[in-house]
Student: 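Take a look at this one; I'll ask things after.
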Amino acid sequence: MVRIPPAPIKKFEDLPLLVKNRVIGLLSNLTPEIRLEYLQNDLPEGELLEQLTGAWLYLKDISTISQSGPTCGLVALQMAMQLIGASLVAVDDILDKAREQGYTKNGEMYSTSYMALLANDLWDSSVVSCVSHFPSASEMVSHLHESTAILIPYDCDRNIEPALRKGHSAHWGIVVGYLLVDTNEKGICTPTRESISQLPINSPNLYLLIAQGKSRYYGLHPYILLEKSNAQLYEAEMSPRKRRPATPTTGSAKRAKQEPPEESDLKSVDPNEFEAYLKKTGSNKYDKATWQRPPIPHGVLQLNSVAIQVFDIETYQENGGNDSYDRTNVKLYGVNRESNSVCVIVTDHFPHFYFQAPNGFGAEHLEQAQRALNNQVSNSARRGGTSATMSQLVADNLIHLKIVEGENLYFYRGSEKKYPFLKVTGTASALSKAKNELRNGVNLMGHGLVNVGTLYEANIDGEVKFMTKTGVVGCGWVEVPIGKGKIVPDAQKLTRCQLEIRVSVKDLIIHDTEGEWLDIAPIRTVSLDIECMGRRGVFPDASEDSVIQIANMVKIEGQSEPFLRVCFVLGTCAPVIGSDIVCCKTERELLEQWAEFIRIVDPDILTGYNILNFDLPYILDRAKVLKLPQVALLGRQKDKASGVRDAVLSSKQMGSRVNKSIDIHGRVIFDVLQVVLRDYKLRSYTLNSVSYHFLTEQKEDVDHTMIPTLQSGDDQTRRRLAVYCMKDAILPLRLLDKLMSVINYMEMARVTGVPLNYLLTRGQQIKILSMILRKCKANRFFVPVIEHQGNDGEGFEGATVIEPHRGFYNEPIATLDFASLYPSIMIAHNLCYSTLIQKPDPTYVKDQDYIQTPSGQFFATRTRRRGLLPEILEDLLATRKRAKNDLKNEKDEFRKMVLNGRQMALKISANSVYGFTGATVGKLPCLEISQSVTAFGRQMIDMTKSEVEKIYIKGARDGKCPINAKVIYGDTDSVMVKFGVKSVKEAMEIGLDAATTVSKIFPAPIKLEFEKVYYPYLLINKKRYAGLYFTKPDKHDKMDCKGLETVRRDNCPLVAKVLGTCLETLLVDRNADAALNFAKKVISGYCIFKNWFLDLLCNRIDISMLIISKELTKAGDI
DNA sequence: TTCCGGTCCTAC
DNA sequence: TCAGGTAGGACCGGAA
Ligand SMILES: Nc1ccn([C@H]2C[C@H](O)[C@@H](COP(=O)(O)OP(=O)(O)OP(=O)(O)O)O2)c(=O)n1
């Protein structure tokens, strides 16, 4: 039984010391008189409100300080938070404005800015629940329902001198109580006794009112509707137009009598009561038909072809039965334009690998070779111990050999001549045996064992192999034309897809991703969140703690809101408008019903927050504990249960990360946490802080300890829990939408060719490899299996960082920067595996046919042979160019951020082509290439520096250069130049000139670009600097900090904040003394930071500003 | 006290 | 089986 907290009956002085101190602390930058008055003098309005509500806080006559209104509001919010146990933060808009206008004025922080910053930081992890904005009070009132708190404009300035009031029409204030708003003749809303009594709802839960009006700085704020933390927020949000029907008063009376359930009762539901409840309330009246996908159109493959966008790919062994051999088929799971789920089974794809034909091998040896290999393979199969007959073994392990022409990808051999290779085809198991046999030697030509040396493409994933050979790309479209393929009747289907088609690879049309095939199919995404019983202080353990709720949101890609909300609840649960609530008698029923729901809804993408490592494994573990095999049948493959494995992905880019790996065949697990972890560097990755960061919306967290209480309460408390649970299920959808993750990932999948799920479960290598394999296929190259050379000593030399001339530059510093340096080097110099020359031999390469790189390697020029890597890079750079163009045309700041992430991801993929060649633990290491790239890079930055310093000497360029230009710093591909000019405009002109001039000494497409001007520029050390960033002459875009504590996440926020403020003072105000003083003051405690700093330490209110967190990558001894 | 290697995170 | 690269600063703790 949950006790709804009563409206607090407290005067300020009766508040807990903590609250009092905090409020005093927060107010301490107001003048002492004001503070005194505020604390001591009751005002008529205050009395009125006190009578009504108990506690009140009225801030009078504080207009003498700037931004007093919002300041009061924040204080009020802070108090509100304490009083109602809720966390309310309404600072975002103030904060935004503060950011817009700058935090400081004459070196001093605006009180508002300070308050907003402070509040933001202190409450970073708190709950914000700003539900809706309303243009008018009356409209807002029409949306009120129980447990709603309101922000209304409340004129707090009426008693102050008109002169003082000038510019301040109202301030924020707070009333703890419930009130109705009224609009007076001046259009100012004031709560009155009458209006209060007329409040159209009768709710004991409504007890917060915060007033806010016009401020001369921030204009008129809209009414903001807030809810306290245990309010039924979700409903208001889901269906703002609908009023909740009045709850019968008998309910609460009955509930009050009910005894709190015993601990042992927590998990079980009384079956009789449950049935009675269902009967009485008519619950569980949802319609499963609404969960289904749309029906398949008539005339499939007769009237219409079937085109699907492919989301998941899987190879599998199909037992051919007695009369046939096993085969490897490929399932392409996808969705057509009608939103049907379709599985296209490609039945005649055979995995294969190659080896170079031994010397003298000809077509006449094929039969002997094939026989010898097949013998050895089936012998080895028999040694493996099996009950199968010999003939069956032979059939199952049939190997086929074929002579094909091609060339090892590595090295240029002087011509385009192709060499004979043997292509080995067979089932996956036969192939792996064949690989072993070939390594040991096979009597291929009838005169003894032949060792064939390197195998080619023998270590490539079946899925990637299929895709690269056929040209299918991740998230690309394939089509089965009319009259081709065979529809599998329902009874014989292997999958739960609506449509299953078996087709030969030669009948499958693979569309290039262009035109109409750029579209995105109407895919279904289910976002889910579970709640578990849990015990105090113990993390839920699947072997003990039951799953009590599973909330699901179903959305179709492209639509903004979910069309289906289904929550599975253990026990009875009051209805939630707009949602299907499925009350379940037992946990078993809950889990099985949910699994069935997933099978009916048949989503293509499963999402949620940390579902990969928590929710899904928990459900599956729980199913195991309870012995519910049906629950594990979540995938589309009928006979395959979903299982959980531990998978560790370690890379230098992302460190070592232990993840679970769950196979839900045919569905992609698109965990938002994984997306955010990969794409954004944040200080905290909780759903709460991520939502706040991107959506300025927070999750409604139920205290974990509350969950069992809510669960073991009644249908109303479980309803409340369901509402929270659903909120947690919808936030991931919102995040995906806002961050455009699905779209961006699809683009990446299409460009690199890998399946969607690889982008979240694997690294950069597979993308590059996929692109290389595609180019190899087109150019008849074979990728050799490189034996992993156990740490072959040294790595290779990287880039140059020019020794910085440290100092503070109170003059414009121009920055020149090569566009995509390493990719352009590789393109310009045609660096590739296939152009690398081991040792130039005059018999096949003339001097003009190759170059020697600064690191001493030789590569054929493009006139002899175009490298594959340069082609890949051109594709990637072209895509990036489009992304950058979209970025340039975008106006919205948030979308800009997202698009920037997109172009950055493409840039990293392009740079990873170089990284791939340097990855010694990779599939295709080639340090010759990576070494040459960095060597060219080093040469180029040196040339750029000397060129700039040579050309732009005093008096050069028609006297535009006042002094000898000096390169004061540079890193890898950039130089920071001091031209000695006075204005940003001049620096830009010379910078632009230098960029075009210096570019000319480098071969295309290498291009030096003028990027920006820093003015002023503070150069602290290598990779550590700050400056005001100018891209247009008149105003700086931002303050740019590189490598400094402000951008590092391994120190506490206090350090970052103080340093940030110092730098701003230094760079924007150019006031070194003030910056220094500020720092000193912070340290000695004599500035506006003092109060909260002391407060922080003395009262231990919130130590979030002092928390240092770092990742632990190496597991030490515990 | 200085040096060095390990760790973390960042700039390219 | 999987895993893009190198350079480098700040900080810490232990050895010299
Ligand atoms: N994650 C990264 C970033 C950079 N580099 C290397 C390759 C880049 O070509 C070079 C320069 O890095 P920049 O950050 O300046 O990026 P680019 O020059 O590639 O792109 P652009 O300057 O066009 O944004 O450093 C890299 O290997 N990996």
Side-chain angles (χ1 to χ4, degrees), chain A residues 432 459-461 464 645-659 661 681-683 752 758 761-772 788 794-804 806 815 817-823 825-826 869 872-873 876 904-905 907-927 929-935 937-938 940-941 969-976 1011 1019-1026 1040-1051 1055-1056 1059 1108-1116:
Chain A
S432 78
N459 58 346
I460 314 286
D461 268 6
V464 172
R645 282 194 318 275
D646 279 333
V648 50
L649 185 86
S650 71
S651 72
K652 286 193 186 143
Q653 186 186 18
M654 287 175 298
S656 150
R657 208 168 268 162
V658 187
N659 272 325
S661 156
K681 293 217 170 286
L682 302 178
R683 275 206 136 122
T752 59
Y758 279 35
T761 57
R762 310 208 25 197
Q764 295 288 341
Q765 288 214 44
I766 193 68
K767 300 189 211 171
I768 311 299
L769 186 66
S770 159
M771 290 187 282
I772 290 176
H788 177 247
E794 323 302 86
F796 59 94
E797 192 183 340
T800 305
V801 181
I802 295 174
E803 190 59 37
R806 298 168 185 81
T815 305
D817 186 324
F818 285 101
S820 301
L821 180 68
Y822 287 8
I825 287 175
M826 294 176 78
L869 297 184
I872 290 171
L873 289 166
L876 280 172
M904 197 65 86
K907 157 176 155 179
I908 288 175
S909 286
N911 288 335
S912 295
V913 174
Y914 141 78
F916 180 86
T917 65
T920 43
V921 285
K923 282 241 162 69
L924 281 179
C926 187
L927 295 196
I929 297 176
S930 37
Q931 237 168 255
S932 299
V933 171
T934 56
R938 290 192 299 274
M940 286 165 62
I941 193 171
Y969 178 60
D971 187 344
T972 311
D973 71 335
S974 63
V975 284
M976 277 60 164
E1011 215 187 329
L1019 181 51
I1020 293 171
N1021 213 336
K1022 281 183 175 178
K1023 298 187 190 285
R1024 286 168 67 82
Y1025 59 83
D1040 203 18
C1041 294
K1042 290 295 166 71
L1044 304 178
E1045 280 68 16
T1046 42
V1047 295
R1048 294 181 68 93
R1049 297 170 301 164
D1050 57 353
N1051 53 57
V1055 170
L1059 182 64
I1108 297 176
S1109 60
K1110 301 182 203 214
E1111 193 177 9
L1112 182 66
T1113 50
K1114 276 218 176 109

Student: Have a look at A/Y822 and say if it touches a base, only the backbone sugar-phosphate, or nothing, with a 4.0 Å heavy-atom cut-off.
Tutor: nothing
Student: Taking only residues two or more places apart in sequence or in another chain, which ones pass side-chain hydrogen bond (donor to acceptor under 3.5 Å, both in side chains) with A/R683?
Tutor: A/N1051
Student: In whole angstroms, how far is the C1' atom of C/dC2 from the NZ atom of A/K767?
Tutor: 16 Å
Student: How close or far is atom P of C/dC2 from atom CZ of A/F916, stated in whole angstroms?
Tutor: 12 Å
Student: With sequence neighbours excluded, tell me which residues meet side-chain hydrogen bond (donor to acceptor under 3.5 Å, both in side chains) with A/T815.
Tutor: none
Student: Pick out the pairs of N or O atoms, protein on one side and nucleotides 8-10 of chain C on the other, that lie under 3.5 Å.
Tutor:
from: C/dG8; atom 1: OP1; to: A/K1022; atom 2: NZ; distance (Å): 2.9
from: C/dG9; atom 1: N2; to: A/R1048; atom 2: NH2; distance (Å): 2.9
from: C/dA10; atom 1: OP1; to: A/R1024; atom 2: NE; distance (Å): 3.2

Student: What is the nucleic acid contact for A/G915, judged by heavy atoms within less than 4.0 Å: base, sugar-phosphate only, or nothing?
Tutor: base
Student: Look at the side chain of A/V921 and decide which nucleotide, out of C/dG4, B/dC9, C/dA3, has an atom nearest to it.
Tutor: C/dA3
Student: Between A/K907 (NZ) and C/dG4 (P), how many Å, whole number?
Tutor: 18 Å
Student: In whole Å, what separates the C1' atom of B/dC12 from that of C/dG4?
Tutor: 14 Å
Student: Just jot down the side-chain contact (heavy atoms from CB on, under 4.5 Å) partners of A/Q931, sequence neighbours excluded, or say none.
Tutor: A/F796, A/S855, A/Q857, A/L927
Student: Consider the side chain of A/F796, meaning its heavy atoms from C-beta on, and name the nucleotide among C/dT6, B/dA11, B/dC9 that approaches it most closely.
Tutor: C/dT6
Student: Which residues satisfy the ring-ring contact (aromatic ring centres under 6.0 Å, His included) test with A/Y1025, sequence neighbours excluded?
Tutor: A/Y969, A/Y1014, A/Y1017
Student: How close do A/N1021 and A/P804 get, counting heavy atoms only, and between which atoms?
Tutor: C-CG, 3.9 Å
Student: In whole angstrom, give the distance that lies between atom CG of A/D817 and atom C1' of B/dC12.
Tutor: 9 Å
Student: Remember a base hit wins even if backbone is also touched, and classify A/V933 as base, sugar-phosphate or nothing at under 4.0 Å, heavy atoms.
Tutor: nothing
Student: Taking side chain as C-beta onward, heavy atoms only, is A/V464 less than 4.5 Å from A/L769?
Tutor: no
Student: Given B/dA11, C/dC2, C/dG4, which nucleotide is nearest the side-chain atoms of A/R762?
Tutor: C/dC2
Student: Please list, chain by chain and in numerical order, all residues satisfying side-chain hydrogen bond (donor to acceptor under 3.5 Å, both in side chains) with A/K1023, sequence neighbours excluded.
Tutor: A/D971
Student: Quick one: does A/E1045's side chain get under 4.5 Å of A/R1024's, heavy atoms only?
Tutor: yes
Student: Report the distance from atom CE of A/M904 to atom P of B/dC12, rounded to the nearest whole Å.
Tutor: 10 Å
Student: Whole angstroms only, please: what is the CD1-C1' distance between A/I802 and B/dA11?
Tutor: 14 Å
Student: Round to the nearest Å and state the distance from A/R683 atom CZ to B/dC8 atom C1'.
Tutor: 13 Å
Student: With sequence neighbours excluded, what pairs up with A/T800 under the side-chain hydrogen bond (donor to acceptor under 3.5 Å, both in side chains) test?
Tutor: none
Student: Can you tell me which nucleotide in C/dG4, C/dC2, B/dC12 comes closest to the side chain of A/Q765?
Tutor: C/dG4
Student: Please determine, for the side chain of A/Y1025, which listed nucleotide (C/dT6, C/dG4, B/dC12) has the closest atom?
Tutor: B/dC12
Student: Just checking A/D461: base, sugar-phosphate only, or nothing, at a heavy-atom cut-off of under 4.0 Å?
Tutor: sugar-phosphate
Student: Please report, rounded to the nearest Å, how far the P atom of C/dA3 is from the CG atom of A/N459.
Tutor: 11 Å
Student: Does A/N911 reach a base, just sugar-phosphate, or nothing at all? Heavy atoms under 4.0 Å.
Tutor: base
Student: Could you list the residues that satisfy salt bridge (charged side-chain N to carboxylate O under 4.0 Å, His left out) with A/E1011, not counting sequence neighbours?
Tutor: none
Student: Angle between the end axes of the helix from B/dT1-C/dA16 to B/dC12-C/dG5, five pairs per end, to the nearest 10 degrees?
Tutor: 30°
